[in-house]
Every structure is written in C-alpha cells, then in structure tokens.
**Student:** 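Could you have a look at this structure, given as structure tokens, before my questions?
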Amino acid sequence: MNVEKDAVRVCLIDDDQIYAFGFKTLTKLKGLNSQVTHFSNGNAAIAWLKNSLNRDNLPDVIFLDINMPVMDGWEFMHEFADIKPQLGKIITIYMLSSSIDLNDIYRARKIAGVEDYIFKPVNGYQLSEIINLLQEQRETKNYKYRS
Amino acid sequence: MSFSIGHKFSDDSKRHLAQIIDNINAGIWEYNITTKDIRWSSGFYLLLGYEPGEIECSNHMFFEHLLYHQDKPAFLAALSNQQSAITQPLQIRLLTKTSGYHWFESTIRKYNDETGHIIYGSLININQYKQAQIQAAHNDAIYRDTLKIAKLGSWEINAASMGLSLSKQLYDIYELQNHVKLSLDEAISFFEPQYRHVIKNAIDSAIAFCQPYDLELLFRSAKNNVMWVRAKGIPIIDDFGKCVTVHGIIQDINNKKRKTLGLESSLNLLTDQNRRLQNFAYIVSHNLRSHTGNLQFMVKLYDDTAVDEDRAEIFSHIKSISDSLSTTIEHLNEIVAIQTEITRERTVIDFEALFKNILSALKSNIEALDATIELDFSKCPQISYIPAYMESILQNLLTNSLKYSDPARKPLIKCHTLKDRNHIYLIFEDNGIGIDMERYGDKIFGMYKTFHQNPDAKGIGLFITRNQIEALGGTIKVESTVNIGTKFTIRLV
C-alpha cells in the first residue's frame, strides 16, 4: 500500500522574503512532502502559470498574499479567473494576510475559487493539515486511476 | 330742528326738496354763523344711530359730545377757512349711539344770504372704508417689516418684453438708493461671475420650459458687499400653458449659508482626519502585525531547528525584522508628528532658497542621473508655511522623481508656483516612468503602497506628503501617463 508519494506542489505568492523563507523552512521542519515555488508578486506568478512549458508542474495549492506591489492578491484573483479554464487542473487557493481588517476577510470569502482566508503567520498544524489533505486527495485519485 | 318742519320753504316744490334732504342716505347739516342757527337733517340723526330729534341739535352737542376731541382742531380750522367757498371733504370721527366712534366724511361749503354767513355740508359714514384702509396700511407695514426681517425682495419678469421690475426691498438688497430701472442683464451682473450663467440659465428655462428654480448664489451689492442669496423663481402661465411672467424672490441668506459652509468644511476636515486615523490604524494592524508575526514565526523556527547553520540563517532574519520594526515605528512617529507639528508657527519661506538647499543635499543623486531641474518661482516666490513641511514635501517629490526616472531618457524635472485669487499652487512635473492612473489612481498616496519593483520603494513618502499638505488645508492631485511622466498639482493654501 505504501506507494511512492508525489510531492504536493505548493506555490507561495508573497513579497515578504522573510515570510517565504519561514514558510519553506516550516514545510521542511514538518517533514511535509511538498515542493514550494515562491513568487514575489502576482504578476510573476501569472506569467509563470501562463507559460506552457510549466504545464506539467502546475501547483496543487496556491498561498496568496494580499498586499504586494505590481500586482496584489485581489488583482491576481481577477487575472487568475481568466486563465483558469486553460490550465486543465484544479488549483486550491488560500488567501494569506496579516490584515485583520474584516473587510478584507469578507472580500476574500466572497471570491469564487478562494478556499479560505488564513491569518499570517500560518501555523505548522494548519499547514500540515492542508498539505496532507491534498496529498490524500491525490492518492485517492491515483488509486482510482490505477484500479 | 329738521329741514322739513317749521322751515321757511313755503312752496310744495320746496317742501318736496326738504323731504328729499331728510330721506337721503347722508346727513345734511347747516350752521348760520351770524344767527348761530343750526340744523341737522333726519339722515344726520340716523347716521349716528339716533331717531331724528333724539339728541339736542346744538353746537355744544356736536363739539363737546359727538366730535372726537382729536378731530376738533381740524374741523374748526376747516370751518374758519376763509380762502375759498369750497374746502376739501374732511374725515372726522363721531360718536354713534351704540357702536362707539365711527369714521365720517363731511363736505364743507359756505354761502351768504340775507340772514348772514352760512356753512353747510353733507355727512357720510366711511367707517368700513376707513377701517379697511387702516387695516391695509397696517398689513402693508407688517408686510414691509416681514420682508425686511426676512431680508427678502421680490421681482417680476415679463416674458414677452423681458422687462424686469424690482420691489423696494430688492433695491435694498441690491443697495441701490435711487430705484433705477435695471435690465435683466444688469440685474444678473450683480451676481458673482461664476454664478451669472447659473441664474441666467435658470431664468431662461423658467421662461422657455416653465421650470421653477431654487438656487443659492453669491451676490455682490452696489456697495460691494458680497453675500449668499437664495434666488427662487416660479413661472406664471397663461391659459395655453405658456410662461407669461416669472415671479421671483431674492433672499439674503448670508449668515446661515456661511454657517452651513463652515460646518461643511469642519465635516470635511473631520472626514480627512478620520481617514488619516483609519490609515494609521491600518498600518498598525497590517504592518506591525506582519513584522511581529514574522518575528514570532522566526523565533518558533529557531526553537524547532537543531542545525546550527539553519539557526544562523534564521537569526539573521530576526535581525532584519528588528530593523524593519524600528523603521515602521519611525514612520508612525513621523505621521503622529504631522498632527502635533501643525500648531507650529508658520514662517515666510522663499521657495528658491529652500529648493536650492534640497538640490545641494541631493547633489550626488542628481549628478549620477544627469538630471535637469528647471525652477520658476517668479509667479509666487514666497509662502507662509511650516518650514519643515515644505522641505519634506519638496524633498519627497524630488526624491520620487529621481527614483522613478526613466533610464531611457535624461530626467527632466520642472517645478513652478502659481498664484490664483487666494490660493498658492505648486506644480511639480517629471518625465519619469509614470504610473498607471487607471489602475492605481489615488492609491499612490496610500500608506505602504508601492507599484514598481524598486528596491528603494517604501510606500511612505507620498503618504507623508499628502498628510502634510492636507494637515495645512491644502490638496494634492496627480496626473500621470506611463512612460511619459508624472505631474503633481498641489494647492498649498
């Protein structure tokens, strides 16, 4: 039953370099089977997602910060809705922010395609839960595919 | 004694005449100055509410009992008037039997016959008319006082001739002493220039489309008093629904309007301050939280990590968070300082001298970019302002223009001042990379908003600049085109 597990592909979009470092370190520490790709703003992420060369490496989950220069989280969601149909893969999105402004939270919850709003910094348990859940989903899918 | 009884008329015709006199709906009286003989017609008694002969027909009765004492001098004067046989009818008050004093009017005529000088006259009751007249005069006085208290004047425009007529009170509002005839255009020219077309259009559409109007406009009287007035007009239509006349009022509402405007500006000030507070709360919430969050995050990772190399890296991040935290606290201090420094004294600042100082401070940056800076403060060389603010504003704008210059061309930065009525403007332009206004708009003045991937961008400069300008009652506006440049228009005062 113990088949080789594919790593969960995680995409982090955040201009905060320290947070990105912490995020990666945390996944390593927790021993999560994941591979983290980091972008400093929405624009860089959109460009990468659009690039057909990356078609096979599309992320399973995106952690998206709200406040970023060039293209912020809200604008990213807008752009993402346009390219979503062409991706051919369901990507779960969590919005991340240190903002405790209720307006931001309501606004995020209203956007279709946003799984949840997570307060920064994300804790290890929460992250493990999300990654492990995705892992399970993939295994179920793979299992079905194989049988 | 009546005319028809014991009179010397002997003929039937004379008797007939006497009967007419007694039955006429007026009182006839006659007084022979020579013989002191006095006669009243039946009508005379009846007018006063008596039966003929009920009261004594005598001078004494008339002057001491019937005639109101205040009217006695005028009546006597009329009697003794020797100038002409016919004097003007006289209005007097006489005491009636049951309903007090009434107003009467009497003619006074004179003639001489063989018996002597005779004065006679006819008396009619004018009480109702007189009462109405007094009431009308009273109403008129109240009306005048009311309009005066309300500071309200009226006018009328004849739609066919476009002729204008103004009430006395309106001339008072215009402060025109002799009531010169004004044409419509002349009347409109008393409104302040920016409101003339407003009132003109309103009157035109009242005449053309029967549209009523109600406006608040600035008005300048003949004596140069500027005041707010309410101008209201309603069209009067004919049977075919066409406007024939426009009736309007103009009311001096200066005090109330100024108070309202004062309230509005306080409200705007409060709204601005509230927005600044919200911004402040937002940065405390967002920015400090993100630093402290990161700090907690790193400390936790530090605890959980066993590898020394990893620990060293985590610790270096802790150091940089500590630096960021102190920078953020400095920024917060700057923002708080804006509010506290506002009470500092303003001094007269020379734009040119101040700008030259800033240029020398940024000399190396300017030379490195080979930037051209054109200054023209000839239109308004000085301003009374808080020096620290002005320095900060100019330095921020200049630093921004240098930071966001387009590497494809030599930076050209222009700064000039303008004076318009009571306002002083500072215009600051560059040919830098510009900013997508459609996308960012006024966000560029927000806190910690950065739009370019410039490592020096902190997102605090324009926020502080706007706060300083607004704290002193000014405004800042931005126009920008990507790859062309950016222009800031600042109303300083």
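Side chains are part of it too, since the values below use all heavy atoms of this structure and drop only hydrogens, waters and symmetry mates. Letters A, B, ... mirror the listed sequences (proteins, then strands); counts begin at 1.
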**Student:** Is there any residue in residues 299-306 of chain B with a non-hydrogen atom under 4.5 Å from a non-hydrogen atom of chain A, and which ones are they?
**Tutor:**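 Leu301(B), Asp304(B), Thr305(B), listed by number.
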**Student:** Does any heavy atom of chain B fall under 4.5 Å from the side chain of Asn43(A), the backbone, both, or neither of them?
**Tutor:**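 When you check distances to chain B, no heavy atom of Asn43(A) falls under 4.5 Å.
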**Student:** Tell me whether the count of non-hydrogen atoms from other residues, nucleotides or ligands lying under 6.0 Å of NZ in Lys89(A) goes above 12.
**Tutor:**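 Yes, NZ of Lys89(A) has more than 12 neighbouring heavy atoms, counting only those of other groups under 6.0 Å.
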**Student:** Specify the closest pair of heavy atoms between Lys120(A) and Arg289(B), including all atoms of both residues, with the distance to one decimal.
**Tutor:**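 Where Lys120(A) meets Arg289(B) most closely, the heavy atoms are O-NH2, 3.9 Å.
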**Student:** Kindly give the heavy-atom pair with the smallest separation between Val122(A) and Phe297(B), and that separation in Å.
**Tutor:**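 Smallest interatomic distance, heavy atoms only, reads O-CE1, 4.3 Å.
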**Student:** Between Gln17(A) and chain B, which part of the residue has a heavy atom less than 4.5 Å away: side chain, backbone, both or neither?
**Tutor:**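 No part of Gln17(A) comes within 4.5 Å of chain B.
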**Student:** Using a 6.0 Å cut-off, check whether atom CD of Glu309(B) has over 12 heavy atoms from anything other than its own residue.
**Tutor:**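 Not more than 12 within 6.0 Å, no.
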**Student:** More than 12 heavy atoms of other residues, nucleotides or ligands under 6.0 Å from CD1 of Ile90(A): is that the case?
**Tutor:**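 12 or below, so no.
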**Student:** Quick check on the structure: residues of residues 21-30 of chain A within a heavy-atom distance below 4.5 Å of chain B, by number.
**Tutor:**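 Checking residues 21-30 of chain A against chain B gives Phe21(A), Gly22(A), Phe23(A), Thr25(A), Leu26(A), Leu29(A).
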**Student:** Can you tell me how far the CG atom of Asn123(A) sits from the CD atom of Gln296(B), to the nearest 0.5 Å?
**Tutor:**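 Between atom CG of Asn123(A) and atom CD of Gln296(B) there are 11.0 Å.
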**Student:** What closest approach, in Å, do Met298(B) and Ile18(A) show between heavy atoms, and which atom pair accounts for it?
**Tutor:**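 What the structure gives for the nearest pair is CE-O, 3.4 Å.
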**Student:** Could you check whether atom CD of Glu129(A) has more than 12 heavy atoms from other residues, nucleotides or ligands sitting under 6.0 Å from it?
**Tutor:**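 No, not enclosed.
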